[in-house]
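From a predicted model like this one, the values you see are computed outputs, not experimental measurements.
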Amino acid sequence: MKKEDKKKLSVRELINKYQANCDRINEIGEACEREGRARTEAEETEFATITRENQWLQMKMYAATADHLRENPNVAADAVKIIRENASHGQKTEILFVRDLMMVQDVASGGIVPLNVQEIIKPLTEGFILDKVGLPMPTGLSGDFVWPMYEMVEAQILGEGVELSDTKIPFSKMTAAPERVGIAIPATHQSLNQSDGLLEMIIREIMPKAIRQLLNKILFSTKKANGATNLVGPFVGKAASAVTLSSVPTFKELNGMKASVLETGVDGDHLCYVMTKSMAAILEGQPVNAQGIYIPMLQNGTLCGLPVYTTNEIRDVQKTYKKYNGTAWADYTLAEGDTVKGQVSKASELPTTGNTSGDIYAIAAITEYIGLGDWRYQPMGLFNSLRFVVDPYSRARKDSVDFVLNCDYATKTLRPEAFMLGKVSAN
């Protein structure tokens, strides 16, 4: 066996062992969650051993990668060649992102791609609220994602020479349970073979945008995302108790939200407003005060001295459908293959003339919300590794290749009082 082949084999073994360890950690966590218990003493010992071993495996992978890149300067092009050759032979290729590395793995060829995982995470976080308020998004986490919580204690006032009594600080901990997030994008064999940049574009641009969009929905929606159990943002369940705002919120109302959050004792170092892009545009045209010098409420991306993050995921859209039966509009349940001719905001806006039997319109009732929160108390992190698979046979009948990305994210609301939701009144 050549020296290079032996090195590749050892890297694959390191990856396999690392992934097996991560799978075992997830098994332990799922068992504890399912049975509603903490880890047993044996599980605690196994968990600590696996965590230490994964740290050692990561160091070995870094060293192997550095050696491989030094000896193979064209490794990125070689990796793309491996993927295309595997696809043409109906063979699956796995690409594993581990902390600062991205590795291509297949039973026949093997290899390493020198793509830093930050090239994937960076475009995600640059359009993400954590980047807006200056907080990092941890990656490559393993084991427990735990934050210690403690209650406030008071100092004592005593006379001279009087001994202080002991003060105990009651600690507790909050643990986040990671959940799988995934996306699959099909592409034809022809586009894969003919386009030099397709693979790179999917990895660096399309998939991070799709993941970011889902994470935005998780963090800012007032409802749980489909399939989520623990991956829940701070505004879920707050719609019913949301602060009532004017149809065009005033500076006094929004500044009052800020004051209310700060009154809870939150330090506010990472406070940020969240609203839709359309609402931000409206506030950019509204004055702080109708009298005196004209100063817009929202300018240079700040409102009441705080940064503003915009996403349409914070608004609630409820869609119902009407179908024209030849004489009137009737309630309708949309079926697969139906074509929606148009959309209105309420039933009274449905067209009264020019309708054809079978026309379908959507009625989208939109509720605008404005959120405020100190995002230090809503940490989010990427666990274990990103798993990227190029699968040429699942869609073989369509002569297509599936690009599939799976990863595990976790988030937790550490202090619910650090977040407030305002509901914008309808016009």
Side-chain angles (χ1 to χ4, degrees), residues 128-138 144-155 167-177 179 215-225 228-246 249-276 279 302-311 313-316 367-381 409-425:
F128 207 52
I129 193 168
L130 298 183
D131 183 68
K132 181 79 174 180
V133 295
L135 290 170
M137 176 180 282
D144 285 343
F145 200 11
V146 178
W147 303 270
M149 303 291 291
Y150 64 91
E151 299 171 18
M152 294 300 294
V153 295
E154 293 184 356
T167 300
K168 294 183 179 180
I169 301 178
F171 277 91
S172 61
K173 69 176 183 178
M174 301 186 74
T175 307
E179 291 188 86
L215 296 182
N216 274 341
K217 186 170 186 176
I218 289 166
L219 283 186
F220 307 126
S221 177
T222 59
K223 300 176 181 178
K224 281 187 179 182
T229 302
N230 301 304
L231 206 54
V232 177
F235 300 128
V236 172
K238 285 184 178 285
S241 59
V243 176
T244 301
L245 303 174
S246 303
T250 65
F251 184 86
K252 182 178 180 181
E253 289 172 341
L254 297 174
N255 203 47
M257 289 177 62
K258 174 182 174 181
S260 297
V261 170
L262 293 174
E263 282 176 359
T264 66
V266 172
D267 58 28
D269 288 345
H270 297 93
L271 273 173
C272 180
Y273 286 100
V274 183
M275 63 188 69
T276 62
M279 180 56 64
T302 62
L303 172 65
C304 301
L306 302 177
V308 174
Y309 184 83
T310 57
T311 173
E313 297 298 343
I314 196 168
R315 69 181 181 181
D316 184 23
T367 304
E368 290 275 356
Y369 292 100
I370 294 179
L372 175 67
D374 189 327
W375 295 92
R376 186 179 68 167
Y377 298 106
Q378 187 68 40
M380 174 173 273
Y409 274 94
T411 189
K412 192 78 172 183
T413 306
L414 303 186
R415 292 185 65 175
E417 68 271 22
F419 299 89
M420 180 171 285
L421 190 65
K423 181 179 179 180
V424 179
S425 300

Would you mind reporting whether Y377 and P234 have side-chain heavy atoms less than 4.5 Å apart? no

Which atoms form the tightest heavy-atom contact between F251 and C304, and what is the distance? CE1-SG, 3.7 Å

Could you work out, with side-chain hydrogen bond (donor to acceptor under 3.5 Å, both in side chains) as the rule, every residue matching Y309, not counting sequence neighbours? N216

Who pairs with D269 by side-chain hydrogen bond (donor to acceptor under 3.5 Å, both in side chains), at least two apart in sequence or on another chain? none

With rounding to the nearest 0.5 Å, note down the distance linking OG1 in T411 to CG in N230. 11.0 Å

Is there side-chain contact between V308 and T302, with at least one heavy-atom pair below 4.5 Å? no

Residue pair F419 / K238, side-chain heavy-atom distance below 4.5 Å: yes

Quick one, L271 with V261, criterion side-chain contact (heavy atoms from CB on, under 4.5 Å). Give me CA distance, side-chain angles, the key distance, then yes/no. CA-CA 9 Å; L271 273 173; V261 170; 4.0 Å; yes

Ignoring hydrogens, what is the shortest heavy-atom contact between G371 and F235? Give both atom names and the distance. CA-CZ, 3.7 Å

Checking K412 side chain against P379 main chain: does a donor-acceptor pair fall under 3.5 Å? no

Nearest 0.5 Å, please: how far is CG in L372 from CE in M257? 5.0 Å

Can you give me the closest heavy-atom contact between L303 and M275, atom names plus distance? CD2-CE, 3.9 Å

CE on M380 to CG on L231, rounded to 0.5 Å: 5.5 Å

N-O pairing of D267 and R376 below 4.0 Å: yes

What pairs with T276 under side chain to side chain contact (heavy atoms under 4.5 Å, CB included), at least two apart in sequence or on another chain? S278, M279, N312, I314, R315, E368

In a table with atom names and distances, give each donor-acceptor pair under 3.5 Å that connects a side chain of residues 217-224 to protein atoms at least two apart or in another chain.
residue : atom : partner : partner atom : Å
S221    : OG   : K223    : N            : 3.1
S221    : OG   : K223    : O            : 3.1
K224    : NZ   : T229    : O            : 3.4

Could you check whether atom NZ of K423 has more than 12 heavy atoms from other residues, nucleotides or ligands sitting under 6.0 Å from it? no

Evaluate the side-chain contact (heavy atoms from CB on, under 4.5 Å) criterion for residues Y273 and L254: first the C-alpha distance (whole Å), next the side-chain angles of each, then the deciding distance (0.1 Å), finally the verdict. CA-CA 9 Å; Y273 286 100; L254 297 174; 4.1 Å; yes

Within a strict 4.5 Å, meaning less than it, do heavy atoms of the L421 and V243 side chains meet? no

Please enumerate all residues that pass side chain to side chain contact (heavy atoms under 4.5 Å, CB included) together with S425, with sequence neighbours excluded. T244

Minimum heavy-atom separation for M420 and S260, please, with both atom names. CE-CB, 3.4 Å

Determine yes or no for a side-chain-to-main-chain donor-acceptor pair under 3.5 angstrom, with T413 supplying the side chain and R415 the backbone. no

Between V274 and T311, what is the shortest heavy-atom contact and its length? CG1-CG2, 3.7 Å

Please report the shortest heavy-atom distance between C272 and P307, naming the atom on each side. SG-O, 3.4 Å

Check: D374 side chain, G268 main-chain N or O, donor-acceptor pair, under 3.5 Å: yes

Check salt bridge (Lys or Arg N to Asp or Glu O under 4.0 Å) between E253 and all other residues, then give those that pass, not counting sequence neighbours. none

